[in-house]
Amino acid sequence: MKLSTLRRWVSPSLSIQGKIFLAFSLVALLSIVSISVIVYLNMRETIKSNAVTSVSDSIRQADESLNIMLEEIDRLNTVVVTNKNTVIDTVLSPSEEISFEWFQEQKRIEEFLSSLVANKPYIARIAVVGLNGKVFFTGGPWLDKSILETPMMDYMLRNGSRHAYLKQTGVTETITVGREIRYNRQTIGVVMVDLNYDFIRKTYGVRPTADSMLYVLDQQDEFVYRSDQTPSFAPSDQKILSMKHKFAKHGKVEGDVEEKVIGGRSYIVVSRQSDHTGWTTLALIPTDSLLSESARLLKLIIEASAIVLLVVLIGSLQVSSRITINIRRLKSMMMLVKDGNLTFPKKEIKTKDEVGQLYHVFIGMVEELKRSFEGIRISEQEKREAELTALQAQIRPHFLYNSLNTIKYLAKLNGTPNIEEVSGSLIDLMRGVLGNSNEYLTVREELDYVRSYISIVKYKYMEPILVHEEIEDPSLLDSRVLKLTLQPIVENAVLHGIGSRDQGGFVTIRVYEDNRDLMIEVTDNGKGMTPEQMEQLLGGPAGTKPTSSRFSGMGVRNVHERIVRSFEAPFGIRLYSEPGLYTKVEIRFPNLRGQIGAGQEVS
């Protein structure tokens, strides 16, 4: 299919099919774009929701896992602080260091502590610290009585009536869970269990995106945990603490979600507070990083939409083509009628819609036009026959008078045979003019009339008139032309062309074929014509008086108008002339063979 044809079909300014195609395409495009936007926005929200749900569930599971470990540690602490024989008596024992009794006590309590933490890899160390300076532990790192002077010990003594949780930083990071050891309502020491920090990292390693951040803060606004690798654009610690206080102030502490803009970046903030420890967990997910995962989804939606749109466009093109096919058929038939073809092959349209009704109306109009044109053709034919009859009836008195005078003159000249020749030629010429009712004659018959005319008119000049006949193909003599088209041309060539010469005048008649058309040329070597005279001869207004310098324009003009009226352009007469040299009249006919409008010849 050519591009111009496709453009013509789909162009809304040129075709109904183009308008239908454009309407279908716009509706499909708007629908697909709307659906794609809705799907994409819903998917964005779904991604956000899934990320929040995932983070919330992960934080909850991390809290629950940590709570399980802390509850187990709390039970161990309870076992320790309630064990009188092994723990309390050992702490209160008067035995001093570097004594046999002290070694015995240390061995017994360390074996007891080791049995408690056996098969518990999340416990890095368990220690019993007496206020009297006795320190017993299992695990690492090393611990001695210098711990009594540390802030951690003060914190444990202040907050360890039930449980105390503290993150230690230093050689190793740990979470220490402590509880007072009391006897007779007096604090005699502290039991402390260090939670392995690697388990904290694994438990809180929640990162839905590579640049997500997670923070765990205790009730003293200390960071229990933060993501190991935080991006350069991570909010400051003050911002994190401010968000924690804001959530706590508004009561948003249990699985709450909020979108916040921090430092010019948008974050989804998920918060949760542990009921067991009171720790607050904050997860910050950069919105742009989270939604970067949706870029692949957006690309997929665009590709799917493009494929669907292409299918819809092809389908709408087919549908619009099927809808307008009858309109195009009707248009093609109308274009044939416009070009004058009333006998075109009819492509029947069987539909009963408006196009089918229009088709039947159009066919009726064409039939009516054919009848009207047939009536016009018959009327024109009758008109031409009437004109021919009138032409045949126009016997020029001066010609008959001259012919009779010639006969009278010859008779006075001793009755020579010339009288018989002139009389016979006159009879033949008059019979052809008045007796033959055919509108068309053969070229041979037209040449016979010319010879009869020359036989008569040559005696006017008392010397032979040279007429040369050049017939290219003898079969052209059987071609038919309009009656009396050649004789008036020759007559004017003789009277107004070579008649003005003293001697040496001649006329050449050439018959040949050019591009399957019949051509007849009449050339004389008379005085010729100017371009203005030739233009007036063929194109001057009707009734223009002919000039005396050339033959009567009415004869040539009449022949030309008859040919054009019968056959239309390019058939007719063309003139070529050079003043003082020659004049050539070129007559173009269609090459007609056979009988055309044959009539009866009368005597």
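Numbering starts at 1 and runs along the sequence shown.
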**Request:** Write down the atom of R588, the atom of P570, and the distance for their closest heavy-atom approach.
**Result:**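 Shortest heavy-atom separation between R588 and P570 comes out as CD-O, 3.8 Å.
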**Minimal non-hydrogen separation, M153 against I147, with atom names** =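 The answer is CB-O, 3.3 Å.
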Any donor-acceptor pair under 3.5 Å linking the side-chain atoms of [Y] with those of [X]?
| X | Y | value |
| --- | --- | --- |
| E521 | Y512 | yes |
| T78 | R179 | yes |
| D63 | H276 | no |
| S114 | T138 | yes |
| R562 | T485 | no |

Using atom types as modelled and distance alone, determine if a side-chain donor or acceptor of [X] lies under 3.5 Å from a backbone N or O of [Y].
| X | Y | answer |
| --- | --- | --- |
| T277 | S274 | no |
| T230 | S227 | no |
| T46 | N42 | yes |
| Y155 | Y165 | yes |
| T53 | S49 | yes |
| T287 | S266 | yes |
| H560 | I573 | yes |
| D514 | D517 | no |
| K244 | T281 | no |

Please check if atom [atom1] in [X] has more than 12 non-hydrogen atoms from other residues, nucleotides or ligands closer than 6.0 Å.
| X | atom1 | result |
| --- | --- | --- |
| R516 | CZ | no |
| R201 | CZ | yes |
| M365 | CE | no |
| Q238 | CD | no |

Could you tabulate the donor-acceptor pairs under 3.5 Å formed by side-chain atoms of residues 304-316, not counting sequence neighbours?
from	atom 1	to	atom 2	distance (Å)
S305	OG	S36	OG	2.7
S305	OG	I301	O	2.7
S316	OG	V312	O	3.1
S316	OG	L313	O	2.8

**Message:** For W142 together with F137, are the ring centres under 6.0 Å from each other?
**Reply:**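 F137 vs W142: aromatic centres under 6.0 Å.
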Aromatic [Y] / basic [X] pairing, under 6.0 angstrom, 45° off normal:
| X | Y | answer |
| --- | --- | --- |
| R226 | F223 | yes |
| K370 | F373 | no |
| K584 | Y576 | yes |

**Request:** Apply side chain to side chain donor-acceptor pair (under 3.5 Å) to the pair R272 and S56, showing each step before the final yes or no.
**Result:** CA-CA 8 Å; R272 178 182 174 84; S56 299; over 6 Å; no
**Asked** So does E64 pair up with R60, basic N to acidic O under 4.0 Å?
**Response** yes
**Request:** Run the numbers on Y204 and V224 for side-chain contact (heavy atoms from CB on, under 4.5 Å), then give the verdict.
**Result:** CA-CA 11 Å; Y204 284 99; V224 176; over 6 Å; no
**Request:** Could you tell me the separation between the NZ atom of K167 and the CD atom of E173, rounded to the nearest 0.5 Å?
**Result:** 4.0 Å
**Asked** Should N591 and E513 be marked as a side-chain contact (heavy atoms from CB on, under 4.5 Å) after you check the CA-CA gap, both sets of side-chain angles, and the distance that decides it?
**Response** CA-CA 8 Å; N591 196 349; E513 188 176 23; 3.2 Å; yes
